[in-house]
Amino acid sequence: MAERTGMERDVERILLTEEQIRARIKELGAEITRDFAGKNPIFVGVLKGCFMFMADLLRSVDIYCTMDFMAVSSYGSGTSTTGAVKINKDLSSDIAGRHLIIVEDILDSGVTLSYLTKYLEVRRPASITLVTLLDKPSRRRADVHADYAGFEVEDAFVVGYGLDYAEEYRNLPYIGVLKPEVYEHQGE
Ligand code: PRP
């Protein structure tokens, strides 16, 4: 077998292949197309993790809609949430009266989406819908439920397809479980 020289060296196993992700996103896109036809929703991607999912999901959605992005961070460079959410970039659109569809790569503790939902509610959108590619219900601390979830995943440290560890691995085309030795020496 050829020597592994790239990022895959740090991946213990592939959790979701490109094909699985693509097929599931088609289904989600079809559901959203059916549910939001004629509603002209605004999709709000939560950067940076959402970027690949947002791009693929929106290509599967066949309705008139607009898009905007927010950038938030909660994790720093560690592997679990600190509980603090920082808004690094706010929306540039007026969302009053609009159907808001928030697009996330992962719903973990729920701290980020719980905070964001409250933060955006005061701008009086017509509705707020939550879409996440990955859902880790075993880790939930805040009372948040995704309206559309791609995959329920175990409590493993996953990277790829937008998800990072210390800002790297986002460009892996699949979702993999990171080898513990990659992050277990952090902070030493
Ligand atoms: C990740 C992810 C979600 C959040 C989910 O973002 O994109 O926004 O964590 O975790 P929670 O449910 O425990 O709040 P992160 O802060 O790592 O920033 P990133 O999107 O730039 O990677």
Side-chain angles (χ1 to χ4, degrees), residues 11 13-72 74-75 81 89 91 93 95 98-121 125-140 142-164 169-177:
V11 174
R13 68 198 152 88
I14 295 178
L15 194 64
L16 296 165
T17 64
E18 289 183 70
E19 292 72 26
Q20 286 174 305
I21 295 169
R22 194 178 310 123
R24 185 67 184 119
I25 290 177
K26 276 219 159 99
E27 292 175 355
L28 290 176
E31 284 178 44
I32 292 171
T33 298
R34 186 192 62 212
D35 298 347
F36 285 87
K39 292 187 172 171
N40 193 24
I42 175 165
F43 287 86
V44 171
V46 185
L47 295 168
K48 306 173 199 140
C50 77
F51 80 99
M52 269 196 208
F53 179 44
M54 181 88 169
D56 286 342
L57 179 69
L58 270 289
R59 274 180 284 193
S60 295
V61 168
D62 184 17
I63 51 176
Y64 291 97
C65 61
T66 60
M67 291 170 218
D68 203 342
F69 293 90
M70 291 186 77
V72 307
S74 59
Y75 281 15
T81 183
K89 180 211 171 299
L91 294 175
S93 330
I95 58 168
R98 299 289 305 275
H99 292 284
L100 206 63
I101 303 180
I102 301 180
V103 181
E104 266 285 23
D105 53 325
I106 186 164
L107 175 52
D108 192 326
S109 71
V111 168
T112 305
L113 277 182
S114 163
Y115 181 89
L116 264 189
T117 306
K118 290 190 187 85
Y119 182 78
L120 295 172
E121 254 167 14
S127 64
I128 300 182
T129 298
L130 305 180
V131 184
T132 187
L133 178 63
L134 305 182
D135 190 3
K136 262 191 193 174
S138 62
R139 299 250 307 169
R140 203 77 86 246
D143 185 20
V144 184
H145 175 78
D147 299 287
Y148 302 87
F151 301 93
E152 197 170 290
V153 292
E154 63 201 87
D155 186 14
F157 196 78
V158 288
V159 293
Y161 199 76
L163 291 130
D164 75 308
Y169 305 99
R170 294 190 197 273
N171 53 321
L172 280 173
Y174 54 81
I175 293 173
V177 176

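Residue numbers start at 1 and run along the sequence shown.
- Summarising the geometry of Val103 relative to Cys50, their closest heavy-atom pair is O-CB, 3.6 Å, with the distance given to 0.1 Å.
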Does Ser93 form a side-chain hydrogen bond (donor to acceptor under 3.5 Å, both in side chains) with Asp68? I'd like the steps, not just the answer. CA-CA 7 Å; Ser93 330; Asp68 203 342; 2.5 Å; yes
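- The line from CG of Leu100 to CG of Leu91 is 7.0 Å long, rounded to the nearest 0.5 Å.
- Side-chain atoms of Thr129 and Phe36, non-hydrogen and from C-beta on, do get closer than 4.5 Å to each other.
- Interatomic distance, Met52 CE to Leu172 CG, rounded to the nearest 0.5 Å: 8.0 Å.
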Salt bridge (Lys or Arg N to Asp or Glu O under 4.0 Å) between Asp56 and Arg24: does it pass, once the steps are laid out? CA-CA 11 Å; Asp56 286 342; Arg24 185 67 184 119; over 6 Å; no
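- In this structure, CD1 on Ile25 lies 10.5 Å from CG on Leu58, to the nearest 0.5 angstrom.
- By the 4.5 Å heavy-atom criterion applied to side chains, Ile63 and Pro41 are counted as neighbours.
- Atom CG of Asp105 and atom OG1 of Thr132 lie 6.5 Å apart (nearest 0.5 Å).
- In this structure, the side chain of Arg140 engages the main chain of Asp108 through a donor-acceptor pair within 3.5 Å.
- Between Ala55 and Arg59, the shortest heavy-atom contact is O-NE, 3.1 Å.
- Contact between Thr33 and Gly29 at its shortest, heavy atoms only, is OG1-O, 2.6 Å.
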Could you check Ile102 against Leu120 for side chain to side chain contact (heavy atoms under 4.5 Å, CB included), going step by step and ending with a plain yes or no? CA-CA 10 Å; Ile102 301 180; Leu120 295 172; 4.0 Å; yes
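- By the 6.0 Å contact criterion, NZ on Lys89 is enclosed, its count of non-hydrogen atoms from other residues, nucleotides or ligands being greater than 12.
- Listed by chain and residue number, nothing satisfies the side-chain hydrogen bond (donor to acceptor under 3.5 Å, both in side chains) test with Glu18 (two or more places apart in sequence, or in another chain).
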From CA spacing to verdict: side chain to side chain contact (heavy atoms under 4.5 Å, CB included), Arg98, Thr66: CA-CA 10 Å; Arg98 299 289 305 275; Thr66 60; 2.9 Å; yes
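- Of the inter-residue distances, the one linking Asp135 atom CG with Leu107 atom CG reads 4.5 Å to the nearest 0.5 angstrom.
- Taking both residues in full, the closest heavy atoms of His99 and Lys39 are given as CD2-O, 3.7 Å, listed atom of the first, atom of the second, then distance.
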Hey, mind stepping through Phe43 and Val131 against side chain to side chain contact (heavy atoms under 4.5 Å, CB included) and telling me if it holds? CA-CA 10 Å; Phe43 287 86; Val131 184; 5.7 Å; no
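- No side-chain heavy atom of Leu16 sits under 4.5 Å from any side-chain heavy atom of Leu133.
- Annotation for Phe51 and Gly162: closest pair CE2-CA, 3.8 Å, computed over non-hydrogen atoms.
- Annotation: side chain of Gln20 is not in contact with side chain of Ile175 (no heavy-atom distance under 4.5 Å).
- Leu116 contributes atom CG, which lies 9.0 Å from atom CD1 of Ile128 (distance to the nearest 0.5 angstrom).
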List the steps, then state whether side chain to side chain contact (heavy atoms under 4.5 Å, CB included) holds for Tyr161 with Leu134. CA-CA 11 Å; Tyr161 199 76; Leu134 305 182; over 6 Å; no
Going by atom type alone, with no hydrogens or angles, which donor-acceptor pairs under 3.5 Å involve a side-chain atom of residues 143-151 and a protein atom two or more places apart or on another chain?
{"residue": "Asp147", "atom": "OD2", "partner": "Leu130", "partner atom": "N", "Å": "2.7"}
{"residue": "Tyr148", "atom": "OH", "partner": "Asp35", "partner atom": "OD2", "Å": "2.5"}

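- Lys26 and Ser60 get closest at one heavy-atom pair: CA-OG, 4.0 Å.
- Around CG of Asn40, the count of heavy atoms belonging to other residues, nucleotides or ligands within 6.0 Å exceeds 12.
- Taking Ile14 as the reference, Thr17, Tyr174 meet the side chain to side chain contact (heavy atoms under 4.5 Å, CB included) condition, with sequence neighbours excluded.
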